[in-house]
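Take a look at the structure set out below.
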Amino acid sequence: MRLAHPSPWHAHAVQRLAEGPARALLPPPRMEWTPHPGHGPGSEILGPGTPGRRVVELGCGPGHNIAHLAAHQCVKGTGVDLVGLQIRRARSHYGHIDKLTFAAGHALHYLQATQERFDVVYSVFGAVGIVSPGLLLPAIHERLLPHGLLAFSVPHPRRSGWPPAIHDGPAHDFVLLPDHNRLPIARWEFDVDRWAQQLHRAGLTLTGALEFAHPTESGSPTTLLITARRF
Ligand SMILES: C[S@@+](CC[C@H](N)C(=O)[O-])C[C@H]1O[C@@H](n2cnc3c(N)ncnc32)[C@H](O)[C@@H]1O
């Protein structure tokens, strides 16, 4: 009898690590906001790259994007991920990069515990949308510097052709594992107006919304990319 289920994200990390040992990597030449490499904008979404800007990624996985920002934009970067195995993998890939640190933990707990203030908080299919926005957005607001930027990409709420949520609660989604099994998770599936309301409640102002479809297949958009500021 199984008494406990591991987190879907832990199961995902275990399968990824089983594909081979993590080794040191060169940071990628580009930041990605969608699941389709080379498609859509890059780090310009985060504004002009001023060296030394403090940037945190919530749900960094193996750390490719934050490694790009630390190495190519000279930011002081922190990658946070719920799963210790992902952080171990990120450190094996990019631990050699200057001014880049990784922390294991829940995004909300990290923001509540840290004393740091950030110029930029971002998430790429990471903690934003997976953690209750009613809790996470106020915590982000608290740690952003005045005029600080929040940017996040999420699976598009209309990617399956269904209408987006008509309430503030989560919907059923799943994590697709490398072995093609699917494990259920909750996801907040908002359209742009509902994200604007949630951001406003947390003291943040929506400044942009972009949507992207699959680069070659026709169909519903796959990615929603939102930017907001603390004014
Ligand atoms: C789909 S992956 C995206 C990883 C990375 N951002 C990328 O683009 O490669 C989602 C990541 O979010 C992490 N995650 C899920 N819930 C989280 C939470 N509450 N706090 C921090 N990270 C979380 C998972 O462990 C996983 O590594």
Side-chain angles (χ1 to χ4, degrees), residues 5-19 22 25 27-43 45-46 55-70 77-94 100-114 118 120-140 143 150-156 159 170-171 173-178 180-189 212 222-226:
H5 294 278
S7 141
W9 296 111
H10 180 80
H12 188 265
V14 167
Q15 288 196 15
R16 266 283 138 77
L17 272 165
E19 288 168 3
L25 296 176
R30 205 185 107 86
M31 178 174 186
E32 304 290 352
W33 292 97
T34 82
H36 314 295
H39 184 57
S43 60
I45 286 291
L46 305 180
V55 178
V56 63
E57 176 172 4
L58 304 176
C60 66
H64 304 308
N65 280 321
I66 194 72
H68 165 82
L69 292 173
T78 304
V80 179
D81 201 281
L82 182 64
V83 177
L85 279 177
Q86 288 284 25
I87 292 300
R88 219 165 74 193
R89 187 171 157 216
R91 287 190 183 127
S92 303
H93 287 330
Y94 301 118
L100 177 59
T101 55
F102 292 100
H106 194 291
L108 184 59
H109 302 164
Y110 173 81
L111 292 169
Q112 288 170 340
T114 185
F118 298 97
V120 175
V121 176
Y122 77 92
S123 162
V124 178
F125 282 58
V128 179
I130 295 173
V131 179
S132 165
L135 298 173
L136 190 61
L137 296 180
I140 290 172
R143 299 322 314 163
L150 166 65
F152 58 92
S153 60
V154 287
H156 199 285
R159 63 193 176 284
D173 194 19
F174 58 84
V175 176
L176 181 62
L177 301 179
H180 303 297
N181 274 315
R182 305 183 337 164
L183 294 178
I185 56 165
R187 185 182 289 286
W188 279 259
E189 301 268 11
F212 305 98
T222 57
T223 303
L224 179 62
L225 170 53
I226 300 266

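One-based numbering along the sequence shown. Counting starts at 1 for both ligands and their atoms, following the listed order.
- With a 4.0 Å cut-off on non-hydrogen atoms, Val131 touches ligand 1 through its side chain and not its backbone.
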From CA spacing to verdict: side-chain contact (heavy atoms from CB on, under 4.5 Å), Tyr122, Ile66: CA-CA 10 Å; Tyr122 77 92; Ile66 194 72; 3.5 Å; yes
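- With respect to atom 7 (C) of ligand 1, the closest heavy atom belonging to the protein is Val124 O, 4.1 Å.
- Counting heavy atoms only, Asp81 comes closest to atom 13 (C) of ligand 1 of the residues Asp81, Val83, Thr34, Leu82.
- The shortest N or O to N or O distance between Ala107 and ligand 1 is under 3.5 Å.
- Only the side chain of Gln86 comes within 4.0 Å of ligand 1, judged by heavy-atom distances.
- Remark: Gln15 pairs with Asp179 by the side-chain hydrogen bond (donor to acceptor under 3.5 Å, both in side chains) rule, at least two apart or across chains.
- Here the side chains of Ile226 and Val128 are not in contact, with every heavy-atom distance at 4.5 Å or above.
- In this structure, Tyr94 and His64 have perpendicular ring planes: the angle between them is above 60°, well past the 30° mark.
- The N/O atoms of Phe125, backbone and side chain alike, include none that comes under 3.5 Å of an N/O atom in ligand 1.
- Taking every heavy atom of His106 and a limit of under 4.0 angstrom, the matching atoms of ligand 1 come to 19 (N), 20 (N).
- Salt bridge annotation for Arg159-Asp173: present, with a cationic side-chain nitrogen under 4.0 angstrom from a carboxylate oxygen.
- Checking only distances, Asn65 never comes within under 3.5 Å of ligand 1, N or O to N or O.
- At the shortest separation from atom 9 (O) of ligand 1 among protein heavy atoms lies Pro62 CD, 4.2 Å.
- Contact between Phe118 and Tyr110 at its shortest, heavy atoms only, is CZ-OH, 3.7 Å.
- The side chain of Glu57, and not its backbone, has at least one atom closer than 4.0 Å to an atom of ligand 1 (non-hydrogen atoms only; side chain from C-beta on).
- Note on ligand 1: Gly105 sits in its first shell, one or more heavy atoms being nearer than 4.0 Å.
- Summarising the geometry of Asp81 relative to Gly61, their closest heavy-atom pair is OD2-N, 2.8 Å, with the distance given to 0.1 Å.
- Among residues at least two apart or in separate chains, salt bridge (Lys or Arg N to Asp or Glu O under 4.0 Å) pairs with a member in residues 27-37 are Arg30-Glu32.
- Checking Gly126, Pro8, Gly61, Gly59 against atom 6 (N) of ligand 1, the nearest heavy atom belongs to Gly59.
- For Cys60, every heavy-atom contact with ligand 1 shorter than 4.0 Å involves the backbone, none the side chain.
- Annotation: side chain of Gln86 is not in contact with side chain of Cys60 (no heavy-atom distance under 4.5 Å).
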